[in-house]
Protein chains: 2
Amino acid sequence: MAQLRPGPNLSRIATSLGVSVATVSNALSGKGRVSEQLVGKIREHAAELGYVPSQAGRALRTGRSGVLGLVLPDIANPLFPKIAQAIEFAAASAGYGVLIADSRGDVSAQTEAINRLVERGVDGMVIVPRRATRISAASCPVAVIDTASTPGNTVAADHWQGGQLIAAHLADLGHKRILIIGNNPESNVQNDRVGGIRSGLCPGMSAETLWIEKLEHQAGSGCPLGLARKVEEGFSAFAALSDLQALRVLTELQRDGIDVPAEASVTGFDDLIWSAVVTPALTTVKMDMDAIAEIAVSALLNSINTGRTREGTLVTAENDRVPMQLIIRQSSGPAKPVQENLQMENS
Amino acid sequence: MAQLRPGPNLSRIATSLGVSVATVSNALSGKGRVSEQLVGKIREHAAELGYVPSQAGRALRTGRSGVLGLVLPDIANPLFPKIAQAIEFAAASAGYGVLIADSRGDVSAQTEAINRLVERGVDGMVIVPRRATRISAASCPVAVIDTASTPGNTVAADHWQGGQLIAAHLADLGHKRILIIGNNPESNVQNDRVGGIRSGLCPGMSAETLWIEKLEHQAGSGCPLGLARKVEEGFSAFAALSDLQALRVLTELQRDGIDVPAEASVTGFDDLIWSAVVTPALTTVKMDMDAIAEIAVSALLNSINTGRTREGTLVTAENDRVPMQLIIRQSSGPAKPVQENLQMENS
DNA sequence: TACGCCTGATTAAACGATTAATCAAACGCA
DNA sequence: TGCGTTTGATTAATCGTTTAATCAGGCGTA
């Protein structure tokens, strides 16, 4: 059972060169006092032997695993690829690994997932919380990526400002009546986006909000949103709070023979993978995931290295909101002349 | 710097109960010879102290980290959430953690990502290879999830059979001329799907294939696919090789005023997150990711436990192809009467 | 010459778990 | 009573790395 490790270890290098393990360790880490030439010789020899340090040995000695946990409780969240990719990149750049834990949407499973990570000895973790979940303190530093209005949030896209970008864009195009389409008013992210849009409206503009989950609760999952009638009522722009919903809006409008963007504009959020390939390509607002991940990870590492790792602390970052970027594509265009809308409205 | 671990360790439990560490270890693992009552007492005491074993210590001694690696080289693959979720679930059920490594699409970065995982001491890894990549042998067991026609593949959805499901469905609906729409003919997965569709055609049916990347190479990224003309030419069904492409097809058809499914049917593959919410909801073929992950992980664990972990072996599974499942939604419907198609074709 | 100091290396003690080897006591049986 | 066996526990070695403590020279200076 006792399979020997394939690769060489410090002691093998040491005996092979006739020096002590400590010297090899010092030479490789550059920490102790080793002569220039010996350092060179050791490094060279280690390289040609293909030495890779044992994380287990190191972890045991230093009490640090070199691994961060990533908790993504929202089942099959389409943002997952981007988040995971960005976090993994930021972590890998800092020499850390990323252990994932998905709780499959189950609420209680979030704590369970967190515990699994703790048991595996992660040095810290990044949590993208399920809507309005309170993070039960884990025994390691925790960075939360949600939105600025979430208490304890570490860093996130500036969803509010993103909403304002949408509002300004629609104002530029001359839209007056806007229908905001979201999934669930419990979500801090969606609420901030709504707030941003509303706060960015120019005089003469108005907005209403349609919550899909509420509608589906009555009419059943996947029900039509009745957007054609909204167009008749005078709404010329549909601002979805996520590209997923924007896609639903876009296809429903098209299905009902409404031309986008000639008769109605559609915008989304997040710039998900498909947003560029649909016809018309979706105007959307994108978050700078790389920047967010970078900030979250470095805040985490900072907390880890300053040694306040004992308590389950929610770490904070100086720059806690990262600006979003408007991406204008073909799904948004000038509003139809005002008279026509009013006429429709009156009919 | 020497922060003591917060939780208790074996020795603390041992001294606290006045027994030896070995006894505690044996009692908790149920391996050595410990009396019933002492086992009970130790377990109880360990539980109330909130003991969690140190993975580092265990890993160092046993030479096993209890962690599997997951390599997903295809940048921002929309299947990622499902795969990661399924693998993580299967691994967690077996008491393993999952370390992710994304190579951001870079070709050489795949080996680099694999090396990172090896350095972290994973016991094995699951690789979803970038198209037609050969896996450079890593120093641990490797399970490959691609498609049955890939040499060395461990387990995958039966893409060929999935194609046949699509063909049979379209045949049932009376479609005669089918346009298969894929991204890239280099992909083993896509090729198997095409093969399946073609092999499942009934007499009197024909199919052509359109590769998007080839088209975009000439006409630019995001160019129209010219599907309206294909409808005029008599194609009544568009079988995309992935939902992502199906979405592109669907929206382009709708944009051009072609009613789906009345005038043309659209089908996809993979049942991605948005497939159910677009209008009309997408008929697609779904892979049983949970089953695939379960098979991949258990093959991996099997190889790990039988001790042939020395070599970088591609593990094999008995059941290497998992059937796909047809999900019929609203984007596919009966073909228009044959005469009309012929008429169009002749014009 | 002798003392102190710097340099460059070694020694040895951890970290926390697993496990083979050992040992003491109790028990069965002749 | 004496011997072998079983039971229940302990001892001690080990995994690979880090790091504080120690040590042997060499060199400058008093």
Side-chain angles (χ1 to χ4, degrees), chain A residues 1-43 46 49-66 95 118-121 123 305 309, chain B residues 1-43 46 49-67 95 118-121 123 309:
Chain A
M1 185 65 52
Q3 64 258 42
L4 3 185
R5 280 250 149 278
N9 52 16
L10 282 191
S11 109
R12 196 162 335 188
I13 298 179
T15 56
S16 153
L17 281 174
V19 296
S20 76
V21 263
T23 302
V24 177
S25 173
N26 283 331
L28 293 178
S29 67
K31 277 194 175 174
R33 285 193 294 227
V34 189
S35 67
E36 284 290 342
Q37 47 201 14
L38 191 47
V39 167
K41 199 156 61 171
I42 290 176
R43 289 234 170 105
L49 250 59
Y51 168 73
V52 295
S54 151
Q55 292 293 329
R58 177 175 293 173
L60 181 55
R61 176 63 226 242
T62 62
R64 302 239 281 266
S65 60
V118 170
E119 285 176 23
R120 296 233 162 270
D123 294 336
N305 291 325
T309 80
Chain B
M1 183 65 52
Q3 64 256 43
L4 5 182
R5 280 246 150 280
N9 51 17
L10 281 191
S11 107
R12 196 161 336 189
I13 298 178
T15 57
S16 153
L17 280 175
V19 296
S20 76
V21 264
T23 303
V24 178
S25 173
N26 282 331
L28 294 178
S29 66
K31 278 194 173 173
R33 284 192 296 225
V34 189
S35 66
E36 284 290 343
Q37 48 204 13
L38 191 48
V39 167
K41 200 157 60 172
I42 289 176
R43 290 235 171 103
L49 251 60
Y51 168 73
V52 296
S54 151
Q55 291 295 328
R58 177 176 295 171
L60 181 54
R61 177 63 227 245
T62 62
R64 302 242 278 268
S65 60
V67 172
V118 170
E119 284 175 25
R120 297 232 161 270
D123 294 337
T309 80

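Reminder, nothing fancy here: chain letters follow the sequence lines and each chain counts from 1.
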Within less than 4.0 Å of OP1 or OP2 of dT10(C), is there a side-chain N or O belonging to Ser20(A)?
-> yes
Answer yes or no: is there a donor N or O on one side and an acceptor on the other, between the side chain of Ser65(A) and the main chain of Ala59(A), under 3.5 Å?
-> no
Specify the separation, in whole Å, of atom CG of Leu38(A) and atom P of dT7(C).
-> 16 Å
Could you check how far CD of Gln55(A) sits from C1' of dG16(D), rounded to whole Å?
-> 11 Å
Selected nucleotide, minimal atom distance to Arg61(A) side chain, candidates dT14(D), dG16(D), dA9(D) | dG16(D)
How many Å lie between CD1 on Ile42(B) and P on dG8(D), as a whole number?
-> 13 Å
Shortest side-chain distance from Thr23(A), nucleotide among dT17(D), dT19(C), dA9(C) | dA9(C)
State whether the side chain of Asp123(A) and the backbone N or O of Gly66(A) hold a donor-acceptor pair below 3.5 Å, judged by distance alone.
-> yes
Asn26(B) CG to dT10(D) C1': how many Å, rounded?
-> 10 Å
dT7(D) OP1/OP2 closer than 4.0 Å to side-chain N/O of Ser35(B) = no
When the distance from CG of Leu28(B) to P of dG16(C) is rounded to whole Å, what number comes out?
-> 16 Å
Could you tell me whether Ala22(A) contacts a base, only the sugar-phosphate backbone, or nothing, with contacts defined as non-hydrogen atoms closer than 4.0 Å?
-> base
Whole-Å gap separating P (dC15(C)) and CZ (Arg58(A)) | 19 Å
Arg120(A) side chain vs Gln55(B) backbone, donor-acceptor pair below 3.5 Å = no
Side-chain (Thr62(B)) to main-chain (Arg58(B)) donor-acceptor, under 3.5 angstrom = yes
Using whole Å, report how far CD of Glu119(A) lies from P of dA17(C).
-> 13 Å
Nearest to the side chain of Ser25(B) - dT18(C), dT19(D), dA9(C)?
-> dT18(C)
Is there a donor-acceptor pair closer than 3.5 Å between any side-chain N or O of Ser25(A) and the backbone N or O of Val21(A)?
-> no
Check whether any side-chain N or O of Lys31(A) sits under 4.0 Å from OP1 or OP2 of dT19(D), and answer yes or no.
-> yes
Would you indicate what Arg33(A) reaches in the nucleic acid, counting non-hydrogen atoms under 4.0 angstrom: base, sugar-phosphate, or nothing?
-> base
Length of the line joining Arg12(B):CZ and dC15(C):P, which is rounded to integer Å = 10 Å
